[in-house]
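Source: prediction; values computed, not measured.
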Amino acid sequence: MADPKGFLTTGREVARTRPVAERVKDWNEVYVPGSLLPIISKQAGRCMDCGIPFCHNGCPLGNLIPEWNDYAYRDDWTAASERLHATNNFPEFTGRLCPAPCESACVLGINQAPVTIKNVEVSIIDRAWDSGGVVPQPPERLSGKTVAVIGSGPAGLAAAQQLTRAGHTVAVYERADRVGGLLRYGIPEFKMEKRHINRRIEQMRAEGTKFRTGVEAGRDITGGDLRRRYDAVVIAAGATTARDLPVPGRELRGIHQAMEYLPLANKVQEGDFVTAPITAEGKHVVVIGGGDTGADCVGTAHRQGAASVTQLEIMPRPGDERPEHQPWPTFPMTYKVTSAHEEGGERVYAVSTTHFEGDEEGNVRFLHLVEVEFTEGRFQPKPGTERRIPAELVTLAMGFTGTDRENGLVEQLGLELDARGNIARDADFATNVPGVFVAGDAGRGQSLIVWAIAEGRSAARGVDRYLTGSSALPAPIRPTDRALTV
């Protein structure tokens, strides 16, 4: 156990963010550099060593949280990093991007603020990188088997690293011009600077993983080509089919999917553009969708100099406290204020868009909405609540409905889909086609980064067993596992 009295004597303290007026002028991460190290050991000491660590249940990776909390409390950062990497290939990603269901499941959280698990995690891995403790782990021998991984998001990268370390020759195919998937082009720089991806990719290259960027499976290389060239194929292409908003005026210029808007801002940071082709500068911006992607659009619009930012959500405003019908250790739906929301803008709940209004040149100028309430199993408009708001740039951040079907890969391989439009798989993450496996959102549907990494690790075990007859690789989850809810 760390500090036997830590949870009694030490209050919860989290990473400090930079002042809003400062951070909206740049694209660096919002947190004060180095602000965690002076406090993190004491924060780790709040871990209770509670006997039955429900934080394990909250995290699909099965992170050994009490163990690396104890090491962090004792300033044994090398051991802490080893325990962290035992279950998670990329803790610098999850430590920045995960909504931390482990903290919602923390036993201490029953009657007080939970342990800052996410902050401890990111402190351990950042210190490990700074001290040179993260090194390549190439396999001792090669199996002679080859694997293609389609997609370089967290699921694909996790599967690729596990299979490379198991001795297989792995090539990762990415249709974008850089490796990283939505980590690269969907996550804004202020949430995670891309240097964290770059150094992980260099580690993987040193271990032997090959990367093929600018190659879209299904178009540039067919499903048949993949099966002929490789002994196994892992599809980790994500759930990239965005949910649309079929209302009058949708065709007006200035209305974009979030994943059309956000990547361009990231490409500016990569040096591809001086100014993003789609920019919020000087415009009244409306973001439709109240989730994390919507918040990313809000923060991006602030940094581009929007005249105003309004975020719309069809659901009612969540409460500030955990609701009774979502008891510990489930992940509660509470009112969430992200760093982007701290920076300004208006959030409007329980409203639905009825139509868009444009000018004579076909540009969107207004969004018409109405207040709604959920009755008789659907959202019903409230009469007399219609109004319009200025809208010169609209981003749709309403989630995703399934994996990409337009590139033809699903049909070329003859893959079966489930009722939700995801690629069907068995207990080993294998599809109906021999040698073809699926990991991440392509099989699970839209989910969290921790689930994607867990899927990649588990699918890697299935592939390894298929290729060699057995496997020592870990499989933290089954395809049917879901987050703990009520």
Side chains of Ser81 and Tyr71: closer than 4.5 Å at any heavy-atom pair?
no
Show every side-chain hydrogen bond (donor to acceptor under 3.5 Å, both in side chains) that has at least one partner inside residues 55-65, sequence neighbours left out.
Asn63-Thr87
Looking only at non-hydrogen atoms, find the nearest pair between Arg461 and Ser471 and report the distance.
NH1-O, 3.2 Å
Heavy atoms only: give me the nearest Ala397-Ala258 pair and the separation to one decimal.
CB-CB, 4.0 Å
By ring-ring contact (aromatic ring centres under 6.0 Å, His included) - contacts of Phe54 (at least two apart)
Trp328
Checking side-chain polar atoms at under 3.5 Å, does His284 have a donor or acceptor matched by the opposite partner on Ser308?
yes
Answer with yes or no whether the side chains of Thr10 and Asp3 bring together a donor and an acceptor at under 3.5 Å.
no
Can you tell me how far the NZ atom of Lys267 sits from the CG atom of Leu262, to the nearest 0.5 Å?
13.0 Å
State, to 0.1 Å, how close Gly51 and Pro53 come at their nearest heavy-atom pair, and which atoms those are.
O-CD, 3.4 Å
Less than 4.5 Å apart, any side-chain heavy atom of Val372 and any of Val351?
no
Does any pair with a residue in residues 298-312 pass salt bridge (charged side-chain N to carboxylate O under 4.0 Å, His left out), and if so which ones, sequence neighbours excluded?
Arg303-Glu343
Any donor-acceptor pair under 3.5 Å linking the side-chain atoms of Glu121 with those of Asn88?
yes
Just by distance, with hydrogens left out, do Tyr261 and Gln304 show a side-chain donor and acceptor under 3.5 Å apart?
yes
Contact between Arg12 and Thr116 at the side-chain level, heavy atoms closer than 4.5 Å - yes or no?
yes
Do other residues, nucleotides or ligands put more than 12 heavy atoms under 6.0 Å from Arg205 CZ?
yes
Listed partners of Lys191 passing salt bridge (Lys or Arg N to Asp or Glu O under 4.0 Å), at least two apart
Asp296
Mind listing the closest non-hydrogen atom pair of Pro66 and Cys55 along with its distance?
CD-SG, 4.0 Å
Should the pair Trp27 and Phe190 be assigned to parallel (<30°), tilted (30 to 60°) or perpendicular (>60°) ring geometry?
tilted
So among Arg200, Arg195, Arg199, which one has a side-chain hydrogen bond (donor to acceptor under 3.5 Å, both in side chains) with Glu92?
Arg200
Should the heavy atoms of other residues, nucleotides or ligands under 6.0 Å from CZ of Arg16 be counted, would the total exceed 12?
no
Note, Asn119 side chain near Ile117 side chain (heavy atom, < 4.5 Å):
no
Rounded to the nearest 0.5 Å, what's the gap from CG on Leu417 to OG1 on Thr403? Could you check?
8.5 Å
Side chain of Gln43, backbone of Glu13: donor and acceptor closer than 3.5 Å?
yes
For the pair Glu174 (side chain) and Ser152 (backbone), establish whether a donor and an acceptor sit closer than 3.5 Å, ignoring hydrogens and angles.
yes
Does some side-chain heavy atom of Arg18 sit less than 4.5 Å from a side-chain heavy atom of Asn28?
yes
Could you walk me through whether Cys102 and Ile65 pass the side chain to side chain contact (heavy atoms under 4.5 Å, CB included) test, one step at a time?
CA-CA 9 Å; Cys102 54; Ile65 296 166; 3.8 Å; yes
Pairwise side-chain contact, Val438 with Val436, heavy-atom cut-off 4.5 Å (strictly under)
no
All ring-ring contact (aromatic ring centres under 6.0 Å, His included) counterparts of Tyr466, not counting sequence neighbours:
Phe437
Excluding sequence neighbours, so at least two apart, what forms salt bridge (Lys or Arg N to Asp or Glu O under 4.0 Å) with Glu346?
none
Pairs touching residues 30-41 that satisfy side-chain hydrogen bond (donor to acceptor under 3.5 Å, both in side chains), sequence neighbours left out:
Ser41-Asp75
Residues, nucleotides or ligands: over 12 heavy atoms within 6.0 Å of Arg465 CZ:
no
Ignoring hydrogens and angles, write down the donor-acceptor pairs under 3.5 Å from the side chains of residues 179-187, residues two or more places apart or on other chains.
{"from": "Arg184", "atom 1": "NE", "to": "Val179", "atom 2": "O", "distance (Å)": "2.8"}
{"from": "Arg184", "atom 1": "NH1", "to": "Asn198", "atom 2": "OD1", "distance (Å)": "3.0"}
{"from": "Arg184", "atom 1": "NH1", "to": "Glu270", "atom 2": "OE2", "distance (Å)": "3.0"}
{"from": "Arg184", "atom 1": "NH2", "to": "Val179", "atom 2": "O", "distance (Å)": "3.1"}
{"from": "Arg184", "atom 1": "NH2", "to": "Asn198", "atom 2": "OD1", "distance (Å)": "2.8"}
{"from": "Tyr185", "atom 1": "OH", "to": "Asp177", "atom 2": "OD1", "distance (Å)": "2.6"}
{"from": "Tyr185", "atom 1": "OH", "to": "Arg178", "atom 2": "NH1", "distance (Å)": "2.8"}

Nearest 0.5 Å, what's the CG-CG distance between Leu473 and Leu163?
6.5 Å
How close do Ala176 and Thr213 get, counting heavy atoms only, and between which atoms?
O-CB, 3.6 Å
What pairs with Arg96 under salt bridge (Lys or Arg N to Asp or Glu O under 4.0 Å), at least two apart in sequence or on another chain?
Glu29, Asp126
So which pairs with a foot in residues 441-454 pass side-chain hydrogen bond (donor to acceptor under 3.5 Å, both in side chains), sequence neighbours left out?
Arg444-Glu455
Does a sphere of radius 6.0 Å around CG in Leu8 hold more than 12 heavy atoms from other residues, nucleotides or ligands, not counting ones at 6.0 Å or beyond?
yes
Any chance the side chains of Ser339 and Thr17 put a donor and an acceptor closer than 3.5 Å?
no
Decide if atom NZ of Lys194 counts as having more than 12 heavy atoms of other residues, nucleotides or ligands within a radius under 6.0 Å.
yes
Under a 3.5 Å threshold, yes or no: a donor from one side chain and an acceptor from the other, between Tyr173 and Arg175?
no
Neighbour count above 12 (heavy atom, 6.0 Å) for Glu260 CD:
yes
Do you know the tightest heavy-atom contact between Val107 and Cys50?
CG2-SG, 3.5 Å
Taking only residues two or more places apart in sequence or in another chain, which ones pass ring-ring contact (aromatic ring centres under 6.0 Å, His included) with Phe273?
none
So does Asp481 pair up with Arg478, basic N to acidic O under 4.0 Å?
yes
Side-chain polar contacts of residues 153-162 - donor-acceptor pairs under 3.5 angstrom, sequence neighbours left out - could you list them?
{"from": "Gln161", "atom 1": "OE1", "to": "Asn89", "atom 2": "ND2", "distance (Å)": "2.8"}
{"from": "Gln161", "atom 1": "NE2", "to": "Gln203", "atom 2": "OE1", "distance (Å)": "3.2"}
{"from": "Gln161", "atom 1": "NE2", "to": "Glu207", "atom 2": "OE1", "distance (Å)": "3.3"}
{"from": "Gln162", "atom 1": "OE1", "to": "Asn89", "atom 2": "ND2", "distance (Å)": "3.1"}

